[in-house]
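Here the structure comes first, spelled out in structure tokens, and everything after it is commentary.
So that the names make sense, note that chain A is the first sequence line, chain B the second, and so on, each numbered from 1.
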Amino acid sequence: MKMSNLYAPTSKEAPSDAVLASHALLIRGGFIAQVASGLYNLLPLGKMVLNNIETIIKEELGHIGAQEVELSFVTPAELWGESGRIEKFGKELLRFKDRKDNLFVLGPTHEEMMVNLIRNKVTSYKQLPLHLYQIKTKFRDEARPRFGLMRGREFVMQDGYSFHQSYEDLDHEFDAVEASYKKILDRLELSYRVVEADSGAIGGSGSKELMVLADSGEDTLVVCSSCEYGANIEAATRAKSSIDKSQSSIKLQKVHTPNIKTIDELSTYFKTTPGRIVKTVAKKIIFDDNEEIVLFFLRGDDTLQESKALNAVGGLDIVDVDEDELKAKELSVGFMGPMGELKIRMIVDNDLMSETDMICGANEVDYHYKGMDMSIFKTDVYADIIEVKEGDKCPKCGGVLGYKKGIEVGHIFKLGTTYSKALKAEFLNSNGQSEFFIMGTYGMGVSRLIAAIIEQHHDEKGMIWTKQSAPFVVNIMVSNIKNQEQLNFAEQLYKFCQKNGINVLLDDTKERFGYKMKNAELIGFPYTVIIGKELQNGCVQLLRRESLQKTDIKKEEIFDYLLKEI
RNA sequence: CGGGGUGUAGCUCAGUAUGGUUAGAGUACCUGGUUUGGGACCAGGGGGCCGAAGGUUCGAGUCCUUUCACCCCGACCA
């Protein structure tokens, strides 16, 4: 490819609405162009990078026996009715009707379609396991698309679905996909972490996310500094805290605490640590057909993790409660607690189990109890509902936990029979009995990976592509194309690269040296061979994008040098 | 869906508080010339329904009403 033919409109200035480096650089480098909110056109350079990533994914998934298919982007709404997700997905599903007035949905993910593809066709355990995947445009009408390719409404995803006759077999495939996904990220030279994820309302027996580490990431991860443990903050756990519990014989006692409401005020007043105070958090939980106020109890120095809280009660949504609603339940802010005849559902954090000598609200203005014993609760109200803090102890090794930010580029999920049941997809086992398929689902955000790579590989001058993702690995730059000697040598090297399978671009534009250099740095070719004034001394220069170091190389040696280096 | 912000040349933005020549700059683009190792210089040139609709006024980019789009924070996100 010659630069003079390449459609890559670059610009010096960043678009005013780009916040993330990846977003700004992709636009400045002429990789993408925005169409509307969350919709982007991929230009030649962007498409090349996407192709490169897809090639790696296909190679790696091929190694574990997954087969590529391509399902229709337009999907019949009936299927979404069968699984019940037409309601659950809500407005995120883009619906429309065809000329015959049939309702359709643009596919946001393809569980239903994939189950439909194999049901009544895969009918025997002898045909299992089966892993089918596709790399395909998805559409989700997100409430708030943002950050360029990071969170678009239309995006490219690799989505795989596996079918099994046993959970052991699913576990096997799950591990194989994890290994395969890690290989893909390794080849893209990304630094990442595999973390435990919230399985959410769908349930299932396990779910992991692959997180590319970047400060700009939208997810908060809890990671251990001394072992491999990592989890999304929505799913992270910790070792039980070791609060000193020396005294246990103190009797329950009501204490006048005039206008003392906050955990800080209470710990000062009682001369104790926040960890010995029971914090009461009231939330409204939305269910399918009703809503309910629930009290959550946790240590004063902990905070409620809303996803965990929601999972603990099995609701759809968790929202704040206003003071009037609390008063209607005879609760008052600052003095709420578990004591008394409250007809309210209560959930207690695991960490409080079997504690004694705690302080809690008395459900009476200006009063608290001390000497409270947690044994008043039955064990079935306990759940893990706290948000792990930095500095907490690792549940695996006891090491120190800290936060990191991550970009979710992959999610693997043991689905079980959720969809096969809903869509009545069965096979006959070796005893001739009918069983639902046990499924796994695996997704990787291909277009998001473009952004993720840049978030991890860029500097103030531009993008820094890795060899496997770069649109072109070598850029041959002719300093002055009016110089016939330079041009001739460049053409010679260009042809040599092409013949030897090196992905090469020849910058034969009429621009001046400075312009070409800035452009090469912006686009981020891993290597640029500068053919310029040093040629008269028999030398060319090799610029490495990552270090920005220029090395003089004898012109007759550059050929072998490139072959060796790339 | 709540809160905030912005729409003027391809791009980045002035101009709008206080209405008044033909709406500006930088950059990009075209032509000619000079330059040629870090986004060059000189001269000339093209490019605007001032987001859209309605209104007030002798007169609207500027004031009023409605509306649309885009961005940010939050909620949401298999």
Side-chain angles (χ1 to χ4, degrees), chain A residues 9-20 23-24 27-28 30 33-39 80 83-85 88-93 107-114 138-148 150-153 155 157 159-161 197-204 207 209 218-219 232 234 286 306-307 310 316-320 408 410-413 415 418-419 439-445 448 461-462 477-483 486 509-522 528 530-536 539-541 543 548 550 552:
Chain A
T10 57
S11 76
K12 212 189 310 192
E13 265 165 316
S16 54
D17 51 11
V19 205
L20 287 197
H23 186 191
I27 290 176
R28 281 191 55 208
Q34 184 171 22
V35 177
S37 181
L39 305 180
W80 296 89
S83 69
R85 285 211 286 187
K88 205 168 167 196
F89 251 109
K91 285 187 178 171
E92 241 178 275
L93 284 184
T109 172
H110 276 187
E111 279 81 8
E112 286 84 351
M113 286 286 281
M114 203 62 87
K138 298 283 181 289
F139 192 93
R140 293 180 196 171
D141 201 357
E142 295 257 8
R144 190 149 101 80
R146 56 189 131 167
F147 304 145
M150 201 67 91
R151 179 173 296 282
R153 290 143 92 200
F155 56 97
M157 181 165 100
D159 49 322
Y161 309 84
D198 174 30
S199 298
I202 295 181
S207 152
E209 290 165 334
E218 295 183 83
D219 290 281
N232 194 306
E234 293 176 356
I286 316 290
E306 296 200 353
S307 299
L310 199 54
L316 294 177
D317 198 6
I318 180 165
V319 294
D320 288 342
E408 182 191 343
H411 197 162
I412 56 179
F413 210 109
L415 262 186
T418 316
Y419 290 91
M439 292 178 61
T441 176
Y442 320 98
M444 196 162 237
R448 179 180 282 181
K461 288 172 183 285
M477 195 191 99
V478 186
S479 175
N480 180 1
I481 64 153
K482 284 185 185 163
N483 181 318
Q486 290 180 14
T509 57
K510 291 176 187 150
E511 302 294 343
R512 296 159 61 89
F513 180 81
Y515 180 92
K516 291 188 182 194
M517 285 295 287
K518 291 278 192 232
N519 231 300
E521 284 157 354
L522 171 63
T528 293
I530 303 165
I531 296 170
K533 64 179 185 185
E534 291 300 320
L535 195 64
Q536 56 198 15
C539 279
V540 298
Q541 283 169 309
L543 171 77
L548 287 173
K550 288 180 201 163
D552 284 352

inquiry  = Rounded to whole Å, how long is the line connecting atom CG of Asn480(A) with atom C1' of A40(B)?
reply    = 14 Å
query = Rounding to the closest angstrom, what is the interatomic distance between G3(B) and A75(B) at atom P?
reply = 16 Å
inquiry  = Between Arg28(A) and Glu13(A) (salt bridge meaning N to carboxylate O under 4.0 Å), is one present in this structure?
reply    = no
query = Atom CD of Gln486(A) and atom C1' of U36(B): how far apart are they, to the nearest Å?
reply = 10 Å
task = Starting from C1' on C77(B), measure out to CG on Asp141(A) and report it in whole angstrom.
result = 12 Å
task = Taking atom P in both C11(B) and C70(B), compute the distance separating them and give it to the nearest angstrom.
result = 15 Å
task = Find the distance Gln541(A):CD to G37(B):C1' and express it as a whole number of Å.
result = 8 Å
message = Closest-nucleotide mapping onto RNA chain B: is Lys91(A) or Thr441(A) further toward the 5' terminus? I mean the 5' end.
response = Lys91(A)
key: Separation between the P atoms of A28(B) and C71(B), rounded to whole Å   = 27 Å
task = State whether the distance check finds a donor on one side and an acceptor on the other, under 3.5 Å, for side chain Glu13(A) versus base G10(B).
result = no
inquiry  = With a cut-off of less than 4.0 Å, is there a side-chain N or O of Arg512(A) near OP1 or OP2 of A40(B)?
reply    = yes
Residue mapping more 5' on RNA chain B - nearest nucleotide basis, Ile318(A) or Val35(A) = Val35(A)
query = Given G37(B), is OP1 or OP2 found less than 4.0 Å from the side-chain N or O atoms of Ser479(A)?
reply = no
task = Report yes if a donor N or O on one partner sits less than 3.5 Å from an acceptor N or O on the other, where the partners are the side chain of Lys12(A) and the base of U12(B); otherwise report no.
result = no
note = To the nearest 0.5 Å, atom NZ of Lys518(A) lies from atom CZ of Phe513(A) at 10.5 Å
note = Here the distance between atom C1' of C77(B) and atom NE2 of His411(A), to the nearest Å, is 12 Å
note = Here the distance between atom P of G38(B) and atom NZ of Lys518(A), to the nearest Å, is 10 Å
key: side-chain N/O Ser16(A) vs C13(B) OP1/OP2, d < 4.0 Å   = yes
message = Please classify A17(B) as syn or anti, treating any glycosidic angle within 90° of 0 as syn.
response = syn
ask   = Which part of the nucleic acid, if any, lies within reach of Tyr161(A) when heavy atoms closer than 4.0 Å are counted: base, sugar-phosphate only, or nothing?
value = nothing
ask   = Roughly how far apart, to the nearest Å, are U8(B) and C1(B) at atom C1'?
value = 31 Å
Nucleotide opposite C1(B) in a Watson-Crick or G-U pair, distances under 3.5 Å = G74(B)
ask   = Taking atom P in both A23(B) and G5(B), what distance in whole Å separates the two?
value = 31 Å
